[in-house]
Each structure stands twice: as structure tokens, then as C-alpha cells.
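Read through the structure below, which is laid out as C-alpha cells, and then see the notes.
Computed from a predicted structure; not experimentally measured. Residue numbers count from 1 along this sequence.
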Amino acid sequence: MGRSSQTASSSQLSALVPARTGRHDAVVKTTIAILAAALLASICFGWSQSRQRAQAVAAATHAGADAKRAEAARAAAQAKLGAYDRMFSAGNATIAGRPDVSFRDALASGAERIGDLPAAARASALFALAEARRNIGDIEASLVGYQEAATAAREANDVRTRLRAQLRRSELLQQHVSHREFVAAYDELAADPALAGDALVHAANLLLGADDARWLGHVAVGDERADRALALWPVPEADGDEVLRAELESRVLIEQARRGAGDAAAARERVERMREAANRLRATLGDEHPALVALRACADLSTGGALAGLLDQTRRAAIDHGAGHPAVQARIDVLLDRGAARSDAGSRAAIEQLALQSARAVPLGDRWRARTIAAVLATNDALVEPITPEEVVELGRMRCRDAPDGDPDCLEGRQAAAQAMVFANRPREAVAILRAALAELPADADAARVSALNAQLQRALSRG
């Protein structure tokens, strides 16, 4: 695992263990002092000072409640530490005496050892494990972990952990699984009454929804969701949320730059804010956290003339971390989204090469792989090496598996397959793919999508 993933994981784990022993001692001392003051007041002033005595008693009661809350926090911290100790102690046979055990195996073994813990400790430990798995790219295991963490948090009435686990799961579904599963998770979280009380998760969820709406071509809906997210920023400080807060700040600044208007001076000011935030947030996120990487890349491209540097960074990151690393994917997303792939022929070829290298480093069924290949095809007028028409057709089949009629992932996959067939001088196969897609559209299909499919069909027909 890369240094940035370790930094993010450490931040998450430390955030889950709020040591409160010192604060507890202080509260207890305060309580004793207030009780003593209340007793002294009753002796000195007697029954004639009942109002002052009542106020003192109320203060003592309040201090007692604070002490109980501090004690509960201390007990919760001890329970979480106990959970982590159980997962990674010498009593864990998978880890004990095996210095060569992989981190992935250690996480899997740890998850098996906390099933009988109280729900509150189990929820926190499961969430930490899911975060660690996400950071090393174990998507399937992290999805299961977030779901288990949300279930345990619901059992423990831990709203904070539940909302964060649901948000993280939604993020992974959107990027790696499917539109339909993401929408179900997004709608569930958006309809949760508790969401209004957590501005951090609320704003992050709205930005996810904005991305999805824009991908569907619903720009107005995406902008409306983004506006609501921006209206929540800055969110109130929340103990233990440093990583999520830093991620959200990065997303907000990118969204503000996307929506920004004004003269050159206003644009420069936005870029300076992005760069200042990137330097400041390094301590929380680490150099290669995807959110920070995207923020720096957007700032660089906004100034113009920085494309060559960003390409070099992406190449180096692919060598250092692997082509499928989230930091590499984040740079490629920016390059493709910001129109850099439509620049000069040399830069476009370099971007496409990096994008395809990264796409092929993730599993065949990964949504990011399919969407990246589709995006590369959409900016070309010929087949790009090393893509083959058969590979794109297979990706389309996988995206249509178990999908309802008119599923956006399925349609994008079919459109990409048809494009690949046209580029391979096999227009009849492209026509067959597009006609099948049009025939399966529901009656209430989006008009813009129907129009796009028909336009593509006409282009394929014109090729023979």
C-alpha cells in the first residue's frame, strides 16, 4: 500500500478513537467544585436564597451530565481499542508468528474476530476495516464492509457512523459498480431524515448526485444539486471527520471552478484558492489521495500550459503506484473531463495511452474501466490501440447483464460497441447493435438519449 493510503487509513483509525481521559478528569473536578459551591451557598444564605441555590443545583446537574457523557466517550474509546486489539493481536492466528502475512489477509482475518462484540464497537471497527480495504483497492470487500458497518451502526443507534458508511458505499457503487445500484443507495441516503443533521455527509452526497445527473445529460439537475451542496459549505466543525472534510473541501473547490465565471483575475483567484487548499490539505490526505490529486490537476489545467506536466505526473504515478491506482485514475478523470483529450494530436495520444493502460489494470467488470474506454472512443474517429472491437462488445454485454430496459450503463456500453464496430469497418454489426438498443428503450425514455442513438444509427448506416 502506498504512503498516501497509509496516511489516509491512519487518519481514519485515529479519528475513530476519541481519547477523552483528560477531559473526563477535568469535568469531574469541575463537578466537585460546583457541588461544593452549591453547598456553601446554602449554608451562608439559608432558605432566603432559594433562587441562587436552585441555580447552583442546576449547574451541578448539568456538570454531572457532562461527566456522564465524558465517561461514555471514554468507555466507547476503550471498546474500540479492544476491538482493534482483538483483530490484530497475537491471539489472531492468521497474524501471530507470521511476519510475511499480507495486509489484505490481516484485514480479512480481523473482520472475522469481532462478530460477538457490542454493536457500537463492531460498527466502528467494521468501518475502519472497510476504509483500509478501500484504500488498497479491495472494492468488493470494502463494499461488504461498509454495508456491515451500516447495519451494526443502525443496531447501535450510531447515526454518525451509519451515514458515513452509506456515503462511502455510494461512492464506490458510482465509480466501480453500476448506475442503478448507485441510484438506489443515493436515494436511500437522500431520503434519510438524519441526513439533514449532518451537513458534511449531506453535501458530499449531493455532489455525488450532481456527477451522476450530469453523466446522464441532465445538466440542470446536476447544477441544482451542486448548488445545494455549495450552500452547505463550509460545514460546522466535527470532531473526527478530518479526512471526509478535506475530501469535501477539494470537491467544493473543483465545483466552484467548474461553475465559476468572471474575468481572468477571478479565475486566477480561484486557482490560488485551489493551490492553497492543496498545500494545506496534504497533512490530512497525503500527497496521492485521489481527492487531492484531482484538486491539484484541476488547478494546473485551469492555468493553461500545464498539460505536459500533468501527463508526466500521471506517468510517474503509474510507475510508482501501479496503473490502476486511484491516484492515477483521478488524474485521468480530470484529463478526460476537462477536454484535455481534445487538445493537440500528440497530447491526445498520450492521454489515451495512459487512460487505456489504467483501464486495463482494473477488473473487466469494473465500471470505471468501461466508462474510461467509452470516453476514449467518444473523442476519436478511429479505433485506438490496443482496443479491439471484441473487447468493447464484451464490455457492453457485461454492462447489460441483468440490466432493465433503458439502463444508462447498458446503453453507454452498446453505443461504445457500435462505435468500435464502425471504426473496424464493420458497420452492419454497428447497425444491429444500435437497432437492438433502440427497440429495448422504454416508452418514457429520455428524449435526448433517443436522439443520440438515432443520430449514431444514421452515421453507421451511412458507412454501409
Side-chain angles (χ1 to χ4, degrees), residues 166-167 169-191 202-230 251 254-255 258-259 294 329-330 332-339 341-342 355 359 365-379 392 395-419 433-434 436-457 459:
Q166 289 178 267
L167 174 68
R169 183 170 177 272
S170 292
E171 291 172 347
L172 291 181
L173 290 173
Q174 184 190 54
Q175 186 169 22
H176 298 288
V177 183
S178 73
H179 165 77
R180 61 186 179 277
E181 291 189 58
F182 163 73
V183 169
Y186 174 83
D187 289 344
E188 179 185 0
L189 186 54
H202 192 183
N205 195 52
L206 284 168
L207 288 176
L208 285 178
D211 288 344
D212 187 67
R214 288 165 177 161
W215 174 70
L216 292 171
H218 303 155
V219 177
V221 174
D223 288 349
E224 183 271 336
R225 288 174 175 173
D227 285 340
R228 289 164 56 198
L230 295 178
R251 293 288 312 278
I254 291 171
E255 180 63 31
R258 178 203 296 267
R259 306 286 301 282
Q329 294 178 359
I332 290 169
D333 285 341
V334 173
L335 287 166
L336 293 175
D337 182 59
R338 302 290 287 247
R342 293 188 292 274
D366 192 287
R367 189 184 188 217
W368 189 84
R369 173 175 179 155
R371 290 186 61 187
T372 299
I373 290 176
V376 169
L377 287 172
T379 61
V392 185
L395 283 173
R397 287 198 187 103
M398 293 188 70
R399 301 184 81 182
C400 292
R401 187 175 52 198
D402 302 323
D405 291 345
D407 178 76
D409 280 322
C410 175
L411 288 177
E412 184 183 65
R414 287 186 169 184
Q415 287 178 278
Q419 186 92 330
I433 291 170
L434 293 168
L438 282 163
E440 294 175 11
L441 285 178
D444 60 347
D446 183 80
R449 191 169 292 278
V450 175
S451 177
L453 282 168
N454 276 315
Q456 189 177 3
L457 175 61
R459 290 193 296 272

Under 3.5 Å, is there a donor-acceptor pair between the side chain of [X] and the main chain of [Y]?
X	Y	result
Asn454	Val450	yes
Ser170	Gln166	yes
Gln175	Trp368	no
Arg367	Leu173	no
Asp409	His179	yes

Answer yes or no: is there a side-chain heavy-atom contact under 4.5 Å between [X] and [Y]?
X	Y	result
Arg258	Asp337	yes
Asp405	Leu441	no
Val177	Leu172	no
Leu216	Val221	no
Arg369	His176	no
Leu208	Phe182	yes
Gln174	Tyr186	no
Arg259	Asp227	yes

[X] and [Y]: which non-hydrogen atoms are nearest, and at how many Å?
X	Y	value
Ala355	Val376	CB-CG2, 4.0 Å
Pro408	Arg449	CB-NH2, 4.2 Å
Ala374	Ala416	CB-CB, 4.1 Å

Nearest 0.5 Å, please: how far is [atom2] in [Y] from [atom1] in [X]?
X	Y	atom1	atom2	result
Leu167	Asn205	CG	CG	6.0 Å
Arg225	Leu207	CZ	CG	11.0 Å
Leu434	Arg459	CG	CZ	9.0 Å
Met398	Ser178	CE	OG	12.0 Å
Thr372	Leu395	OG1	CG	10.5 Å

Kindly indicate, with the supporting measurements, whether the criterion side chain to side chain contact (heavy atoms under 4.5 Å, CB included) is fulfilled by Leu411 and Asp407.
-> CA-CA 6 Å; Leu411 288 177; Asp407 178 76; over 6 Å; no
Would you please test Arg399 and Arg414 for side chain to side chain contact (heavy atoms under 4.5 Å, CB included) and show each step?
-> CA-CA 9 Å; Arg399 301 184 81 182; Arg414 287 186 169 184; over 6 Å; no
Is any side-chain N of the basic residue among Arg214 and Glu255 closer than 4.0 Å to the acidic one's carboxylate O?
-> yes
Between Arg371 and Asp333, is the closest basic N to carboxylate O distance under 4.0 Å?
->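 No.
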Run the numbers on Asp212 and His218 for side chain to side chain donor-acceptor pair (under 3.5 Å), then give the verdict.
-> CA-CA 9 Å; Asp212 187 67; His218 303 155; over 6 Å; no
Given Glu188 and Arg169, is the salt bridge (Lys or Arg N to Asp or Glu O under 4.0 Å) satisfied, shown in steps?
-> CA-CA 12 Å; Glu188 179 185 0; Arg169 183 170 177 272; 5.6 Å; no
